[in-house]
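Structure first, then comments.
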Amino acid sequence: MTPASTPDPELEALSVLRADIVRHGTDESPPPGLIDGILELALSRRGPGRPTGAWASESIDGTESLRRTVADLALVLDGLEPPSWDLPARTANPDWTVADVVAHLIAGDRYIAGMLGADDWVPPAGTENDHVAMTIPLIEELRSVAGTTLRRIWADSADVTLQAVARAAEEGGMRQQLRFAGLPLTLATLLVVRTFEVWTHTEDIRRAVDLPLEPPDGSRLTLMSQVAVRSLPIGLAVAGKSHPGRTARVVLTGPGGGTWSQPLNLGEPPGEPDLLIVADVVDFCRLAATRLSAHDLPCHIEGDEALAADLLAGAGVFAA
Amino acid sequence: MAQGATGGTDAVLLARLRAGDERALADVYAVYGGYVYGLVRRVAGSSQAAEDVTQDVFAHLWERPFDVDPSRGTIRTFLGVVAHRRAVDWVRSETRRQARDQRASRLADSPVEVAETATDRVSAAAVRAALEQLPEAQRRAVMLAYFEGCSYREVARRLDIPEGTAKSRLRLALARLAQLLDAERLSAWSP
């Protein structure tokens, strides 16, 4: 192996072999502290935490992320034959069809648009804190609607939502605080959570109609992986498995991945990592969306394995 | 997993470097720091040069981890190639500096370059000849490790031998090569 400009791999290999022969038997330890200088020099050339090279991605905001994801779903829906709308779609609700998934997304769009003053739709009483339950009445109402009509209703609702979030971002900024299904979060986070949901249900539909899965681009995965990792303490808290004083080093590989030292209890600063988890970023996002089980996640783990098991079991915070 | 992050140690380290895990750089240094430092020190004959070049080699790995092509070799091989090249560059730069200090003629650099290139060719030929004299088992291990870029683990797998045996076989091969190439010739290789 040689850098890109190497003229002759064999000569390079011979050079390395020659150097090894020359130094054979001479065990030379570098001076103590050399690693500090290496890290200082290296980090001055490339900052930590973000991928580089082929894994680097252009930066986009949540509005663009959601717009791209909605466009992906539109393409999938455009290709559906009428019988496909009635196929079963694997979601958190095992009885849903493809049409039900789309109706669920319509209800979600109307809820978000309502939050932002662009729709008069409000969740049924008693479902305000459950983003799945709040959509059930509309799903049932829309079961009498043909797929092509449902496609049009969804396109309209998604368009209204995209316009509403773009307007809200322009007027109040991405850091404005909102409440989504009872949870406090910023508009920026809401848009990524919604990206997660639309992408996840697009994959549900792809699975139902035997289309190959297509991960989001690296720009979207950058936003999604950030939210998925930062949400780990929430998932652990919901599962009743918070770990005060513990920190995980999470390395997600591929375009849109990155590296985090993530505390495993809400509100705590990161400490020295107790474990290292290395996994593919798309796999990790599917784990966060409960479309991949912790057991089936290919990953490399070093450190506290019991802690890792808890972390992965609680990572599915975007169940739908 | 896509991206190969669950493969061998090298694959995991490389994936971590690419994903921005600076702790992986410290881990790579812990494994290969002595190798790179020793190689540069031997070629350059200077502890200060060894420190400077070692820093630069690992910083280069951090900055451009996609330059490492796992299909062509290991992280160790990559570091060895970069370290050797930069050590030679350092020696040449130092030679030129000394030449300038001594007010040598401006043409002095050119014959040195030609002589070094010729020495490299002699060295390559000498190593090739020595390789031919190794026992077949040792020669095969060296070819896999240095010319096909295999790690210890991959050498062991390809030869169907335990990893420890692969390591000791390579150590023995290097020792034998060192014997085959006399000290005078070895010293002539250093630029």
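Just so it is clear, the structure is predicted and the values come from calculations on it, not from any experiment. Throughout, protein chains are lettered first and strands after them, A, B, ... in sequence-line order, and every chain is numbered starting at 1.
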Review point. If you count heavy-atom pairs under 4.5 Å between each of Leu297(A), Leu276(A), Ile301(A), Val282(A) and chain B, which one has the most?
Key: Leu276(A)
**Study point:** chain A contact via Leu131(B) - side chain, backbone, both or neither, heavy atoms under 4.5 Å
**Key:** side chain
Review point. How far apart are the closest heavy atoms of Tyr29(B) and Pro30(A), and which atoms are they?
Key: OH-CB, 3.2 Å
Study note, to complete from the structure: Interface check, chain A: of Ser71(B), Ala145(B), Ala59(B), most non-hydrogen pairs under 4.5 Å belong to Ala59(B)
Check your understanding: When you look at Leu17(A) and Leu174(B), which way does the side-chain contact (heavy atoms from CB on, under 4.5 Å) test go after all the steps?
Key -> CA-CA 8 Å; Leu17(A) 174 57; Leu174(B) 288 176; 3.7 Å; yes
Check your understanding: For chain B, which residues from residues 216-235 of chain A have at least one heavy atom closer than 4.5 Å to it?
Key -> none
Check your understanding: Are Arg23(B) and Glu302(A) within salt-bridge range, i.e. N to O under 4.0 Å?
Key -> no
Point to revise | Inter-chain contacts: residues 35-51 of chain A against chain B, heavy atoms under 4.5 Å | key: Ile35(A), Gly37(A), Ile38(A), Leu39(A), Leu41(A), Ala42(A), Leu43(A), Arg45(A), Arg46(A), Gly47(A), Pro48(A), Gly49(A), Arg50(A), Pro51(A)
Practice item. Evaluate salt bridge (Lys or Arg N to Asp or Glu O under 4.0 Å) for Arg249(A) paired with Glu22(B), printing each intermediate quantity in order. Key: CA-CA 11 Å; Arg249(A) 185 79 166 172; Glu22(B) 75 281 8; 3.0 Å; yes
Exercise for review: Could you look at Tyr146(B) and say if it's the side chain, the backbone, both or neither that has a heavy atom under 4.5 Å from chain A?
Suggested key: both
Check your understanding: Is the backbone of Ala15(B) close enough, under 3.5 Å, to the side chain of Thr253(A) for a donor and an acceptor to pair up by distance?
Key -> no
Check your understanding: For Val142(B), is it the side chain, the backbone, both, or neither that has a heavy atom closer than 4.5 Å to a heavy atom of chain A?
Key -> side chain
Exercise for review: Quick one: do Arg16(B) and Thr259(A) satisfy side-chain contact (heavy atoms from CB on, under 4.5 Å)? Show the steps, please.
Suggested key: CA-CA 8 Å; Arg16(B) 291 171 60 198; Thr259(A) 301; over 6 Å; no
Check your understanding: Is the CD atom of Glu305(A) crowded by more than 12 outside heavy atoms at less than 6.0 Å?
Key -> no
Review point. Do the non-hydrogen side-chain atoms of Pro31(A) and Tyr37(B) ever get within less than 4.5 Å of each other?
Key: yes
